[in-house]
Structures are given as structure tokens and as C-alpha cells.
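Proteins get letters first, then strands, A, B, ... in listed order; numbering begins at 1 in each.
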There are 2 protein chains.
Amino acid sequence: MSDQKNGSDTRERILDVAERLFMENGYEATSMRTITSAAEANLAAVNYHFGSKEALLREVFRRRLAWLNHERLQALDKLEEQAAGAPLKPSQILEAFFGTLLRMGENPALGGMVFLRLLGRTLTEPAEFIRTFFAGEYAEVIDRYKLALFSALPDVPKAEIVWRLHFMLGAMSYAIAGTDVLQVVTGCEVGDLAGEKATDETDDTVLARRLAQRLMPFLLGGLRAPLPQFDDLQRIQKEPLPKTARDTRGNGPNQDPRPKTQDQQ
Amino acid sequence: MSDQKNGSDTRERILDVAERLFMENGYEATSMRTITSAAEANLAAVNYHFGSKEALLREVFRRRLAWLNHERLQALDKLEEQAAGAPLKPSQILEAFFGTLLRMGENPALGGMVFLRLLGRTLTEPAEFIRTFFAGEYAEVIDRYKLALFSALPDVPKAEIVWRLHFMLGAMSYAIAGTDVLQVVTGCEVGDLAGEKATDETDDTVLARRLAQRLMPFLLGGLRAPLPQFDDLQRIQKEPLPKTARDTRGNGPNQDPRPKTQDQQ
DNA sequence: CTAACATTAAAACGAACGTTTGAACGAAAT
DNA sequence: ATTTCGTTCAAACGTTCGTTTTAATGTTAG
């Protein structure tokens with residue numbers, strides 16, 4: 001009990017801190033020294049407990065995704081059991097898939113919005129080991145839900161469903177990851193929740209709930225949108241578009257005097 | 001003419017190479033030595049022409065976004081001129097905003113899919129200087145389109161429109177950025193274009209066109225989806241969710257024997 | 001008590017990073 | 001012919017990176 005306490009404590013502290021810092025700065029921009037000092041642990045602790053920085057990131061995700069994927073599969077199992085062979089409603093499938101995730105954002109014990117944001121941002125990271133890791137973690141869940149959508153929408157071509165699943169994942173990931181990115185651009189619309197000034201934690205919880213309420217109808221609307229007309233082989237070329245102009249700033253305006261002596265201050 | 005040729009040549013070569021490498025590896029994971037050697041330029045060339053690595057990234061985006069934003073504003077101007085004061089159709093607005101971008105993906109001279117992917121991935125990067133840069137570059141365009149959507153959808157609350165604009169941006173960015181990410185997970189559905197084996201460039205062009213055809217209906221469906229019912233103040237708490245269990249792997253299964261002596265091979 | 005073990009601690013490793021320097025080059029301009 | 005200036009070059013700058021090493025610590029079991 002107490003022999004584990006010391007070790008497990010440091011281990012969990014590192015995981016929690018790494019989760020937050022990876023979310024805030026990204027994987028590459030977060031150094032092990034930043035992590036260990038923020039976790040009040042020794043620099044060597046990460047390599048001792050996890051083996052490497054890459055393995056640390058994997059473990060940060062594994063402890064959350066294990067719960068998430070299990071919950072998602074269980075939700076789908078339950079739905080299919082209740083339906084007794086009949087195809088499910090798309091809204092049920094989306095609720096099981098996205099609702100489960102968004103409910104993580106409302107529960108700080110499961111990572112809360114910190115993990116949701118980290119997940120959304122990391123899904124687009126180009127690093128090879130991250131992609132292969134996610135591919136392995138997500139394979140089963142995606143496959144199950146893909147098949148469920150196939151039988152829920154028998155009239156929609158399967159390729160179209162895959163595309164739309166892709167779009168839905170994107171809308172969700174981006175909405176989560178960018179709650180402070182695009183909100184800045186669009187004019188700070190998060191804080192309009194009737195003057196609630198609470199902890200960051202409860203603030204995040206409220207945000208997660210609002211996000212879920214507004215995201216689900218959007219996704220359903222997109223999923224059930226009319227199919228595009230397929231004028232595939234006709235290759236419309238709306239305008240020839242001058243192939244010469246390499247970019248906009250050939251010699252036109254909009255050109256600030258950059259390379260005179262470069263802008264070192 | 002020739003005195004500029006040498007310098008401009010290196011400069012453009014660096015921009016092109018950096019655009020591709022930032023897309024493939026991300027900003028932090030791409031070193032200046034990788035960039036300059038791939039561009040067959042000297043290591044100091046980046047600091048000479050652009051001043052710093054950050055400024056290089058900004059310039060990579062500026063030369064594309066200048067064209068894109070100008071085109072987007074012009075498209076909206078044209079639409080509003082034709083409408084003569086009447087509100088626009090949402091489909092027109094989306095076509096002007098997203099169609100303009102997706103048409104960049106079909107034109108390699110404007111960056112093609114390389115730039116589109118880079119844009120999609122960089123929008124979620126957490127680095128401060130990137131966010132402030134994008135905020136400045138996008139502010140005017142987003143504002144104009146936001147207002148256009150407000151008058152196009154007078155019955156929809158403005159906050160809801162902003163959220164859905166956010167979702168649409170996410171679906172697009174993610175769909176673009178992850179054409180090879182999620183496609184791997186979902187089972188390699190890109191290559192199903194009737195056995196076309198062509199250059200990477202024309203392949204990308206075809207991909208951009210297919211993406212546009214399938215993305216636009218999805219976005220329109222999401223934008224026009226029925227509004228969510230607002231049961232905001234009731235705080236549904238579907239299940240208490242044990243606040244004790246910090247994470248899934250307290251002592252359950254799914255636990256691989258990690259910290260025995262760590263996994264250094 | 002002591003041997004074994006898991007964990008922490010401090011220090012150093014070599015490699016890679018972004019940036020700077022100062023000289024050299026080459027085509028204009030004087 | 002010489003100066004000028006934008007550009008390129010090789011080399012080095014100091015810093016930070018992830019990882020490893022070696023010793024010290026405290027707890028558990030025989």
C-alpha cells in the first residue's frame with residue numbers, strides 16, 4: 001500500500017501535468033524539464049516510469065481512451081441489444097459516439113475539457129508514432145460505428161457515410177480544440193452564459209455541456225444532408241486560373257519592405 | 001532583373017519547401033537545417049531572407065492568405081452587389097467562403113493541397129505567435145461572413161450561427177488536414193476514384209474536387225439543422241459518475257506490467 | 001540486521017536546435 | 001578599375017533537448 005503510494009503518486013502527477021502541458025503547448029514544444037518541474041518530480045522520473053517521452057504521451061492517452069472506447073462499445077452494444085436486430089436511428093448512434101466523448105468533458109475525473117482539447121489537437125498532429133498509435137486505439141470503435149451507420153442509412157453510399165463520419169469527427173475535434181482559438185476570432189462568445197463566474201473547472205463543465213447541446217444537432221443535420229449530385233467525370237473547370245502567377249505578391253502592392261536588411265531588432 | 005533572380009529564387013524555393021515540410025512534420029518538428037538543405041540553400045538563408053523561423057512560417061502563410069482573403073472578400077462583394085440589398089442564400093455564402101478555399105486545393109500554383117493541409121493543421125497549433133497571426137489575418141474576412149450569415153438567417157440566434165460557423169470551419173480543416181489520417185483508420189477510401197493512377201499532383205487535384213463536392217452539402221445540412229432545445233438551466237446529471245475513481249485503470253484489468261523495471265530495450 | 005528492491009536525486013552525456021558572424025562572391029554602378 | 005550592395009557560404013555561437021549514469025534514499029522481506 002505504501003510502497004506503491006510513493007511511486008504511483010509521482011507517476012500520476014506526471015501524467016496529469018503532461019496531459020495539461022501537451023494540451024497547452026503541443027507535444028514537441030513541451031520539454032521533459034517543463035513537465036517534471038511542474039509535476040515536482042525529478043527529470044529522470046519520466047524515463048524511469050514510462051521509458052521515453054513518446055511512451056509518456058501514449059500513456060497519457062491510453063488511460064483515457066481505454067475508458068472512452070470501452071464506454072463507446074458498451075453504449076453501442078446496449079443500443080443494438082435494445083433494437084433487437086432492427087437498424088438504429090442515426091441520432092442514437094451519434095449520441096452514443098459523440099455524447100460519450102462530450103460527457104468526458106463534463107467530468108474532470110475523466111480528464112475533463114483538458115483531455116478533450118488535447119485529443120482534438122493531437123488528432124491532427126503529423127508525427128508518425130502518434131498516428132499509428134491512434135490508428136490502433138481507434139480501429140475497433142470506428143469500425144463498429146461505421147457498420148452501425150451503414151445499416152442505419154442503407155440508402156446512402158458507404159463511401160459517403162465514411163466521408164461524413166470524417167467530417168463529423170473534424171467538426172467535433174476542432175470545436176473542442178479551438179474553443180479559445182476561433183472564439184477569439186469570432187469575438188469571444190464563450191462567456192455569454194448568463195454571467196456565470198465560476199471556477200475554471202465548473203466553467204469548463206458548463207462549456208462541455210453547451211458544446212454538446214449545440215454540436216449534436218449540427219452533426220445530425222450534416223449527416224442527413226441531401227447527397228451531392230455526382231458530376232464526377234465532367235471535370236468542370238470554372239475558370240482557367242492563370243498558371244503563371246506563382247503567388248499574389250509578384251510585384252503588386254501589399255508588399256512590405258522585408259529583405260532590405262531583415263528585421264532584426 | 002538578374003540581380004533579383006538569384007535572391008528571389010532562393011527565397012521562393014525556401015518558401016515552397018518550408019510549406020511542404022511544415023505540412024508534413026509540423027512547425028516545431030521541422031528544423032531549419034532540414035528546410036535549407038531540402039531547398040538547396042545555405043542554413044543562414046532563412047534568417048537572411050525572413051529574419052527568423054517564426055517569420056518564415058508567417059510569410060509562408062501570408063503569400064497564400066493574401067490571395068485567399070482578397071478572393072473571399074471579392075466573392076462576397078459580388079454576391080451582395082447582385083443581391084442588391086436582399087439577404088443572401090446560405091448556400092451562396094458557404095460557396096463563396098469554402099468554395100474559394102477548396103479551389104486553392106485544385107490549383108498547385110496557389111499552393112494546392114499542400115497548403116490546404118498545412119492550413120488545416122496549423123489552425124489548431126497552440127503556439128502563441130501562430131494564433132495571434134491567424135487572428136489578425138482572418139479577422140476581417142470572418143467578420144464580413146459572420147454578418148452575411150446573420151442577415152441570411154435572421155431567425156437563428158447569432159450565437160448559434162457563430163457556433164455553427166465554428167463547426168463548419170472545423171469540419172473543413174479537419175477533413176483537409178486528415179485526408180491521410182482518418183482515411184487510414186476508416187480503411188483507405190481515397191483511392192476509390194475509378195482506378196485513376198496519376199501524378200500526386202493531379203491526384204491531389206481530384207481529391208480537392210471530390211472533397212468540395214462532398215463537403216458542401218454536409219456543411220449546408222449542418223448549418224440549417226433544427227435548433228437545439230434550450231434546457232440550459234436544468235442541469236441534467238444523467239448519472240452521478242463516481243467522483244472517486246480517478247481513471248479507468250485503478251486496479252482493473254487492461255493494465256500491462258509497465259513499471260516493473262521499465263521497458264527499455 | 002541486512003539484503004533486495006523500487007524510487008528519487010544530481011550531474012553529465014552527446015546531439016540537435018535557432019541564430020550570428022565575418023569573409024567571400026558576383027553583378028551592377030561610379 | 002574600383003566601389004557598392006545584395007546574396008551566399010562555412011563555421012561557430014550558446015542553449016536546450018531527450019536520455020543515461022551513478023549514487024543515495026527509504027521501504028519491504030527474510
Side-chain angles (χ1 to χ4, degrees), chain A residues 1-15 17-18 21-22 25-60 127-130 251 255-265, chain B residues 1-15 17-18 21-22 25-60 127-130 255 257-265:
Chain A
M1 168 185 168
S2 67
D3 75 311
Q4 292 288 67
K5 206 195 77 181
N6 246 345
S8 260
D9 197 29
T10 301
R11 206 186 114 103
E12 297 268 321
R13 239 170 35 238
I14 290 177
L15 283 175
V17 165
L21 290 179
F22 283 150
N25 315 316
Y27 172 77
E28 300 281 352
T30 305
S31 74
M32 314 211 25
R33 285 168 177 84
T34 309
I35 295 172
T36 50
S37 72
E40 294 179 292
N42 189 268
L43 171 59
V46 167
N47 286 284
Y48 173 77
H49 283 286
F50 305 97
S52 69
K53 190 186 176 188
E54 292 193 1
L56 169 62
L57 180 73
R58 276 192 293 263
E59 190 56 30
V60 164
E128 184 66 23
F129 83 97
I130 296 180
N251 45 9
Q255 162 81 320
D256 46 6
R258 181 74 30 112
K260 302 300 287 184
T261 172
Q262 87 216 48
D263 47 4
Q264 61 207 13
Q265 68 278 19
Chain B
M1 166 188 169
S2 66
D3 77 310
Q4 290 288 67
K5 207 194 74 181
N6 249 345
S8 260
D9 197 29
T10 300
R11 206 187 116 101
E12 297 268 320
R13 243 171 31 239
I14 290 176
L15 283 175
V17 164
L21 290 178
F22 284 150
N25 314 316
Y27 173 76
E28 299 281 353
T30 304
S31 74
M32 317 216 18
R33 287 168 175 83
T34 308
I35 295 172
T36 49
S37 71
E40 292 178 294
N42 188 269
L43 171 60
V46 167
N47 287 283
Y48 173 76
H49 283 285
F50 306 98
S52 68
K53 190 188 177 187
E54 291 192 3
L56 169 62
L57 180 74
R58 276 192 293 263
E59 189 56 31
V60 163
E128 185 66 24
F129 83 97
I130 296 180
Q255 163 82 318
R258 180 77 28 125
K260 301 301 287 187
T261 172
Q262 87 216 50
D263 48 2
Q264 61 206 13
Q265 65 279 26

| note | Between B:Lys53 and B:Thr30 the two heavy atoms that sit nearest each other are NZ-O, 2.8 Å
| Spacing of B:Tyr48 atom OH relative to C:dA24 atom P, expressed in whole Å | 18 Å
| request: Output all residues satisfying side chain to side chain contact (heavy atoms under 4.5 Å, CB included) with B:Ser37, sequence neighbours left out; order by chain, then residue number. | output: none
| field | Partner residues of B:Ala44 under the side chain to side chain contact (heavy atoms under 4.5 Å, CB included) criterion, sequence neighbours left out | value | B:Asn42
| query | Within this structure, what is the CZ-to-P distance between B:Phe50 and C:dG18, rounded to whole angstrom? | reply | 15 Å
| request: Report the distance from atom CG of B:Asp9 to atom C1' of C:dG26, rounded to the nearest whole Å. | output: 16 Å
| request: Round to the nearest Å and state the distance from B:Ile35 atom CD1 to C:dC17 atom C1'. | output: 12 Å
| remark: Students should find that the end-to-end axis angle of the helix from C:dC1-D:dG30 to C:dT30-D:dA1, with five pairs defining each axis and rounding to 10 degrees, is 10°
| A:Tyr27: what forms a ring pair (Phe, Tyr, Trp, His ring centres under 6.0 Å) with it, not counting sequence neighbours? | A:Phe22, A:Phe129
| request: Could you walk me through whether A:Asn47 and A:Leu56 pass side chain to side chain contact (heavy atoms under 4.5 Å, CB included), step by step? | output: CA-CA 8 Å; A:Asn47 286 284; A:Leu56 169 62; over 6 Å; no
| A:Glu40 atom CD, neighbour heavy-atom count above 12 within 6.0 Å | no
| said: How many whole angstroms separate atom CG of B:Asn42 from atom P of C:dG26? | reply: 15 Å
| OP1 or OP2 of D:dT8 less than 4.0 angstrom from a side-chain nitrogen or oxygen of B:Thr10, does that happen here? | yes
| field | Interatomic distance, B:Arg13 atom CZ to B:Thr36 atom OG1 [nearest 0.5 angstrom] | value | 11.0 Å
| query | Which is true for A:Ala45 with a 4.0 Å heavy-atom rule: it touches a base, it touches only sugar-phosphate, or it touches nothing? | reply | nothing
So which protein N/O to nucleotides 15-18 of chain D N/O distances come out below 3.5 Å?
from, atom 1, to, atom 2, distance (Å)
D:dC17, OP1, A:Ser31, OG, 3.3
D:dG18, OP1, A:Lys53, NZ, 2.6
D:dG18, OP2, A:Met32, N, 2.9
D:dG18, N7, A:Arg33, NH1, 2.8
D:dG18, O6, A:Arg33, NH2, 2.6

| query | A:Ala38 and A:Val17: which non-hydrogen atoms are nearest, and at how many Å? | reply | CB-CG1, 3.7 Å
| Excluding sequence neighbours, so at least two apart, what forms side chain to side chain contact (heavy atoms under 4.5 Å, CB included) with A:Ala45? | A:Thr10, A:Ile14, A:Ala41, A:His49
| message | With a 4.0 Å cutoff (strictly under), does any side-chain N or O of A:His49 reach OP1 or OP2 of C:dA6? | response | no
